[in-house]
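Computed from heavy atoms alone, side chains included, the values below leave out hydrogens, waters and symmetry copies. For reference, positions follow the sequence shown, starting with 1.
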Amino acid sequence: MHSSETDNLRVHLPRMSRTPTGKIAPKQCALLVCDVQDRFTSLITGFDAVVDTCRRMVAGAKALDMPILVTEQYPKALGATKQLITDSLPDGMQAYPKLLFSMCGDDTAGWWAKHSEIRQVLLCGIEAHVCVLQTALDLLEHGIEVHLVVDGISSQRLVDRQVALKRVSQSGAFLGTSEMLLFQLMQGAKHPAFKTISALFKEKRADSPLPGKL
């Protein structure tokens, strides 16, 4: 089926589904990067792959002009966000330090107040079973749709990662990969950011021990 035929179907098919489909749109979607810090380099399973994925997500979100929130858990002890990620951030953007595990506490209240239009988030970072989990549950509780970027999420132990992803999906979050989500946001090759984003996924990727099966 050609794209013109698909577009025609989109116009004429009645919208009958009452089940959330997980379709995402840049105008109401933000990227959240949770606590990808120096101290975790040797502790987190597949850390290099997580950093690589988060970098691609930041670059993609920037190309799509999406809001981005980056946090750091107690940076005095755990260090700063990995430079590969911060180097990809829009000019002048800095990470928010926090003490609460969730990204939805007082430390980030100012960011959320500036972005009250947000109804969907793409969430990546560490650790899956602590800060990522608690962030996702807080967002879902407040009616914000959550999409977990599974190739950009990990923990020290794979069992914690696996159970956390299942636990959050049981509460209503959607699971996706970085490429899947960014291409979903563009919808087609005519998008102005298509060349930039497609190039991100032609680059060599960091080796990942993270299991694809959930």
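Interatomic distance, Cys131 SG to Asp35 CG, rounded to the nearest 0.5 Å: 4.5 Å. Here the straight-line distance linking atom CE of Met66 with atom CG of Leu31 works out to 6.0 Å at 0.5 Å rounding.
The list of ring pair (Phe, Tyr, Trp, His ring centres under 6.0 Å) pairs with a residue in residues 129-158, not counting sequence neighbours, reads His147-Phe174. Residue pairs that meet the ring pair (Phe, Tyr, Trp, His ring centres under 6.0 Å) test with at least one member in residues 71-95, sequence neighbours left out, do not exist here. Listed by first and then second residue, the side chain to side chain donor-acceptor pair (under 3.5 Å) pairs involving residues 51-60 are Asp52-Arg55, Asp52-Arg56, Arg55-Glu203 (not counting sequence neighbours).
Of the candidates Ile153, Val132, Leu148, Leu148 is the only one forming a side chain to side chain contact (heavy atoms under 4.5 Å, CB included) with Val168.
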Which side-chain N or O atoms in residues 87-97 pair as donor and acceptor under 3.5 Å with protein atoms at least two apart or in another chain?
| unit_1 | atom_1 | unit_2 | atom_2 | d |
| --- | --- | --- | --- | --- |
| Asp87 | OD2 | Gln83 | NE2 | 3.4 |
| Ser88 | OG | Leu84 | O | 3.3 |

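Looking at residues two or more places apart in sequence or on another chain, you find no salt bridge (Lys or Arg N to Asp or Glu O under 4.0 Å) involving Asp107. Taking Gln28 as the reference, Ala25, Arg119, Gln120 meet the side-chain contact (heavy atoms from CB on, under 4.5 Å) condition, with sequence neighbours excluded. Thr196 meets the side-chain contact (heavy atoms from CB on, under 4.5 Å) test with Ala63; sequence neighbours excluded. By the salt bridge (Lys or Arg N to Asp or Glu O under 4.0 Å) test, Arg39 pairs with no residue at all, sequence neighbours left out. Not counting sequence neighbours, Glu145 has no partner by the salt bridge (Lys or Arg N to Asp or Glu O under 4.0 Å) test. For Leu182, the side-chain contact (heavy atoms from CB on, under 4.5 Å) partners are Met57, Leu64, Leu185, Ile197, Phe201, not counting sequence neighbours. Not counting sequence neighbours, Lys62 has no partner by the salt bridge (Lys or Arg N to Asp or Glu O under 4.0 Å) test.
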Evaluate the criterion side-chain contact (heavy atoms from CB on, under 4.5 Å) for residue pair Phe47 and Ser42; output intermediate values, then yes/no. CA-CA 8 Å; Phe47 186 74; Ser42 61; over 6 Å; no

Applying side chain to side chain donor-acceptor pair (under 3.5 Å), run through Ser178 and Asp151 and close with a yes or a no. CA-CA 7 Å; Ser178 54; Asp151 51 330; 2.7 Å; yes

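Side-chain N or O atoms of Ser155 include none that pairs as donor or acceptor with a backbone N or O of Glu127 at under 3.5 Å. A donor-acceptor contact shorter than 3.5 Å links the side chain of Thr108 to the backbone of Met103. Trp111 contributes a side-chain N or O that, together with a main-chain N or O of Ile68, makes up a donor-acceptor pair within less than 3.5 Å. With hydrogens and angles disregarded, a donor-acceptor distance shorter than 3.5 Å links the side chain of Gln37 to the backbone of Gly79.
Counting Ile, Leu, Val, Met, Phe, Trp and Tyr side chains that sit under 4.5 Å apart, directly or through other members, Val163 shares a hydrophobic cluster with Val159.
Shortest non-hydrogen contact noted between Leu140 and Ser171 is CD1-O, 3.8 Å.
Under the 4.5 Å side-chain heavy-atom criterion for ILVMFWY residues, a single connected hydrophobic cluster contains both Leu200 and Val50.
Residues Lys98 and Gln73 are in side-chain contact: their nearest non-hydrogen atoms beyond the backbone lie under 4.5 Å apart. Side-chain contact between Trp112 and Leu69 is present, with heavy atoms from C-beta onward closer than 4.5 Å. Arg161 places a side-chain heavy atom less than 4.5 Å from the side chain of Val150. Using a 4.5 Å heavy-atom cutoff, the side chains of Leu32 and Leu139 are in contact. Using a 4.5 Å cut-off on side-chain heavy atoms (C-beta onward), Asp106 and Leu100 make no contact. Between Val149 and Cys54 the shortest side-chain heavy-atom distance does not fall below 4.5 Å. A 4.5 Å side-chain heavy-atom check between Ser198 and Met186 finds every atom pair outside the cut-off. In this structure the side chain of Thr135 reaches within 4.5 angstrom of the side chain of Cys104, judged on heavy atoms.
Enclosure of atom CG in Asp38 by more than 12 non-hydrogen atoms of other residues, nucleotides or ligands within 6.0 angstrom is indicated.
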